[in-house]
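Take a look at this one; I'll ask things after.
One-based numbering, in listed order, for ligands and for the atoms of each. Below, all heavy atoms of this structure are taken into account, side chains as well, without hydrogens, waters or symmetry copies.
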Amino acid sequence: MTKIVEPLIFELSSPGRVGAVLPELDVPPADIPAELCRADLPLPEVSEVDVVRHFVRLSRMNYGVDLGMYPLGSCTMKYNPKVNEVAARLPGFVYTHPYQPEDQVQGNLQLMWELQEMLKAISGFAGVSLQPAAGAHGELTGILIMRAYLCDQGETQRDTILIPDSAHGTNPASTSMAGFKVVEIKSDERGNVDLEHLKANLNDRVVGLMLTNPNTLGLFDEHVCEVSRLVHEAGGLMYGDGANMNAMLGIVKPADLGIDVMHFNLHKTFSTPHGGGGPGSGPVGVVEKLVPYLPGPIVDIQVVGEEEHAGHAHEGEEEMVEVFFRLVMPAKSIGRVKTFYGHFGVMIRAYTYIRMLGAEGMRRVAEDAVINANYLMAKIKKVYPLPYDRLCKHEFVVEGKLKDAPNVRALDISKRLIDYGVHPPTNYFPLIVPEALMIEPTETESLESLDHFADAMLRIAEEAKTNPELLHEAPHNTPVSRLDEVGAARNPILRWKPAE
Ligand SMILES: *Cc1c(COP(=O)(O)O)cnc(C)c1O
């Protein structure tokens with residue numbers, strides 16, 4: 001069936017049509033350099049309504065979490081409460097400038113300090129730096145901290161980082177960027193780190209182990225404390241990939257599991273929008289011995305006049321203690337990893353979210369994220385093979401392979417889901433599951449939307465048997481149907497060009 005494609009704005013152009021009316025010139029015309037006055041640019045000549053319709057039409061071709069469920073595993077595409085946006089747009093925040101002196105931006109610094117403290121309370125770490133711009137950036141930062149610490153200990157021969165095969169793909173990439181070698185550690189049949197394989201690879205060349213926990217299978221490592229103990233015993237440090245803290249909030253603190261360094265993803269766990277390229281925020285938390293190495297500046301609190309006032313307050317009178325927030329560089333800091341103070345707008349959103357929910361709410365987030373994922377898993381595993389069949393945390397991974405439908409692949413299933421109005425799950429990751437479909441519903445989905453997703457998955461499994469062509473050609477209800485993804489990656493067309 002041919003689709004009637006609405007014209008693009010460039011094709012709507014009509015000579016002489018204008019979208020804005022400027023007043024008569026009441027100053028002498030300026031001399032504009034000739035190279036700025038090109039007459040050969042084929043700019044569209046369009047009216048205001050053409051422009052508005054163009055952009056609204058484009059926005060309706062887009063899919064986002066404000067439109068429907070977005071179960072993209074590992075990415076935590078939960079709904080982002082609008083109150084976060086209101087807070088981030090408060091004039092006092094919007095109109096501050098990074099070069100303003102500390103005494104003019106005490107409110108901003110207080111927010112950053114409180115966010116550092118809240119992240120410390122959530123994770124059990126002794127120090128937090130808000131500088132890194134995203135999760136992978138936090139990983140690189142954390143590894144540089146580990147390197148600086150071990151070098152200070154004289155352990156300069158250590159050059160290898162162990163990474164389980166169920167880790168997120170950014171882990172080996174960050175390791176390589178920091179100049180270290182990667183050794184992959186196998187998973188056992190329950191999806192945990194294989195302890196025997198780990199032991200065989202521990203020696204005095206090991207910088208540490210990077211553990212995504214829960215891992216990309218959505219499984220909490222049942223031997224995490226033993227893994228930490230073994231790595232520490234070999235003189236290494238434990239890096240925790242905390243991008244997916246969604247399942248742990250208020251239940252377990254990574255520092256209690258033996259993790260020494262960890263990054264958070266404010267743009268996942270703490271509900272700040274992501275996708276489309278950022279900005280994100282990947283704060284790094286560390287145990288006491290690593291605090292001096294944190295990137296700076298970090299925010300410190302100084303209590304002014306505490307001594308004069310201490311103990312002198314009269315009955316019924318509040319103690320007059322003033323605080324001042326300062327930017328400080330930790331003593332042995334690895335330096336700056338970001339211009340200015342990190343992505344402040346993202347920090348405001350995460351702060352608002354944490355304050356709105358409070359400690360109780362944080363725990364509810366984790367409980368609901370876990371129960372939603374297990375509910376879906378129980379419904380879907382009846383039809384889709386589940387390689388690691390045990391309770392999951394925030395996500396789970398099934399095989400996109402069906403009995404009686406040998407020619408249908410995970411990609412076909414994902415594309416067909418689009419026709420049911422759902423964003424596909426993560427495909428073909430982790431690599432240890434063939435035809436992987438990695439599903440993370442998040443806690444913000446209702447029972448109805450979970451059921452809609454499960455029903456769609458089950459119907460697609462039926463269609464795969466009775467009408468596989470329908471899946472091979474899906475999606476059918478979108479502005480463009482099945483794309484040539486390899487061609488798009490190899491020969492991208494990144495802008496519209498007028499017809500020759
Ligand atoms: C998303 C994610 C990352 C990377 O975070 P970015 O902000 O995309 O760089 C790292 N690890 C895990 C487990 C993730 O889910």
Side-chain angles (χ1 to χ4, degrees), residues 65 70-78 80 119 123 129-144 161 163-178 182 187 191 193 209-221 224 238-249 254 257 259 261-285 337-338 342-343 345-347 349-350 366 369 373 392-397 423 425-433 436-443:
V65 76
Y70 205 139
L72 194 66
S74 207
C75 294
T76 313
M77 305 301 284
K78 63 168 141 188
N80 309 132
L119 294 176
S123 61
S129 169
L130 302 174
Q131 279 237 315
H137 193 203
E139 290 171 27
L140 177 66
T141 304
I143 295 169
L144 295 177
I161 295 203
I163 303 186
D165 58 11
S166 61
H168 193 264
T170 48
N171 292 188
S174 311
T175 301
S176 304
M177 277 196 75
V182 178
S187 300
V193 171
L209 180 134
M210 278 185 104
L211 190 70
T212 304
N213 189 37
N215 64 22
T216 55
L217 297 164
L219 302 176
F220 190 90
D221 198 293
V224 56
M238 280 293 286
Y239 186 95
D241 181 331
N244 297 149
M245 274 290 286
N246 226 32
M248 312 229 274
L249 292 174
L257 304 175
I259 305 292
V261 198
M262 188 192 86
H263 75 270
F264 302 82
N265 273 35
L266 299 190
H267 51 291
K268 290 179 184 170
T269 314
F270 300 102
S271 88
T272 85
H274 61 297
S281 179
V284 168
V337 295
K338 185 83 186 81
H343 286 151
V346 179
M347 295 171 204
R349 291 173 175 87
C392 66
K393 290 291 171 278
H394 59 296
E395 67 191 5
F396 61 98
V397 181
H423 193 283
T426 299
N427 272 222
Y428 301 113
F429 197 84
L431 301 173
I432 51 176
V433 175
L437 289 172
M438 185 200 222
I439 301 168
E440 180 179 13
T442 83
E443 74 282 3

In the protein, which heavy atom is nearest to atom 11 (N) of ligand 1, and how far is it?
-> Asp241 OD2, 2.6 Å
Side chain, backbone, both or neither: which part of Asn265 has a heavy atom under 4.0 Å from ligand 1?
->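 Near ligand 1, Asn265 shows its side chain, while the N, CA, C and O stay back.
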Determine the minimum heavy-atom distance between Asn213 and Leu219, stating which atoms define it.
->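 Asn213 and Leu219 have their closest heavy atoms at OD1-O, 3.9 Å.
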Which ligand 1 atoms, with their elements, are less than 4.0 angstrom from a heavy-atom of Thr212?
-> 13 (C)
At under 4.0 Å between heavy atoms, which part of Lys268 makes contact with ligand 1: side chain, backbone, both or neither?
->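 Near ligand 1, Lys268 shows its side chain, while the N, CA, C and O stay back.
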Check ligand 1 against Ala134 and write out every atom of the ligand that is under 4.0 Å from a heavy-atom position of the residue.
->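 Numbered from 1, ligand 1 contributes 7 (O), 9 (O).
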Distance in Å, His343 NE2 paired with His267 NE2, rounded so as to fall on 0.5 Å steps |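 Here the rounded value is 10.5 Å.
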Measure the CG-OG1 distance between Leu72 and Thr426 for me, rounded to the nearest 0.5 Å.
-> 3.5 Å
Answer side chain, backbone, both or neither: which part of Ala243 comes under 4.0 Å from ligand 1, heavy atoms only.
->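 Just the side chain.
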Report yes if some heavy atom in the side chain of Ile143 is under 4.5 Å from a heavy atom in the side chain of Thr175; otherwise report no.
->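 Side-chain contact under 4.5 Å: yes.
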At what distance, to the nearest 0.5 angstrom, does CG of Leu257 lie from CE of Met248?
-> 6.0 Å
Here the gap from Asn427 atom CG to Leu437 atom CG, rounded to the nearest 0.5 Å, amounts to 5.5 Å
Is a side-chain donor-acceptor pair under 3.5 Å present for Lys393 with Asn244?
-> no
Do Glu440 and Ser74 meet the criterion of a side-chain donor-acceptor pair at a distance under 3.5 Å?
->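 Note: Glu440 and Ser74 side chains miss the donor-acceptor criterion.
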Heavy-atom distances under 4.0 Å are what count here, so tell me which part of Asn244 touches ligand 1: side chain, backbone, both or neither.
-> side chain
Can you label the angle between the Phe264 ring and the Phe270 ring as parallel, tilted or perpendicular, going by 30° and 60°?
->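 Tilted: the ring planes of Phe264 and Phe270 meet at 30° to 60°.
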Has ligand 1 got any nitrogen or oxygen that is less than 3.5 angstrom from a nitrogen or oxygen of His263?
->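 No, there is no polar N/O contact under 3.5 Å.
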Would you check whether Glu139 reaches within less than 4.0 Å of ligand 1, judged by its heavy atoms?
->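 Glu139 counts as a contact of ligand 1 under the 4.0 Å cut-off.
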Which ligand 1 atoms, with their elements, are less than 4.0 angstrom from a heavy-atom of Gly135?
->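 Heavy-atom distances to Gly135 below 4.0 Å select 5 (O), 6 (P), 7 (O), 9 (O).
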Which bit of His267 gets closer than 4.0 Å to ligand 1, counting heavy atoms only: side chain, backbone, both or neither?
-> side chain
Of all the non-hydrogen atoms in the protein, which one sits nearest to atom 9 (O) of ligand 1, and at what distance?
-> Ala136 N, 2.8 Å
Quick one: does Asn171 get an N or O within less than 3.5 Å of an N or O on ligand 1?
-> no
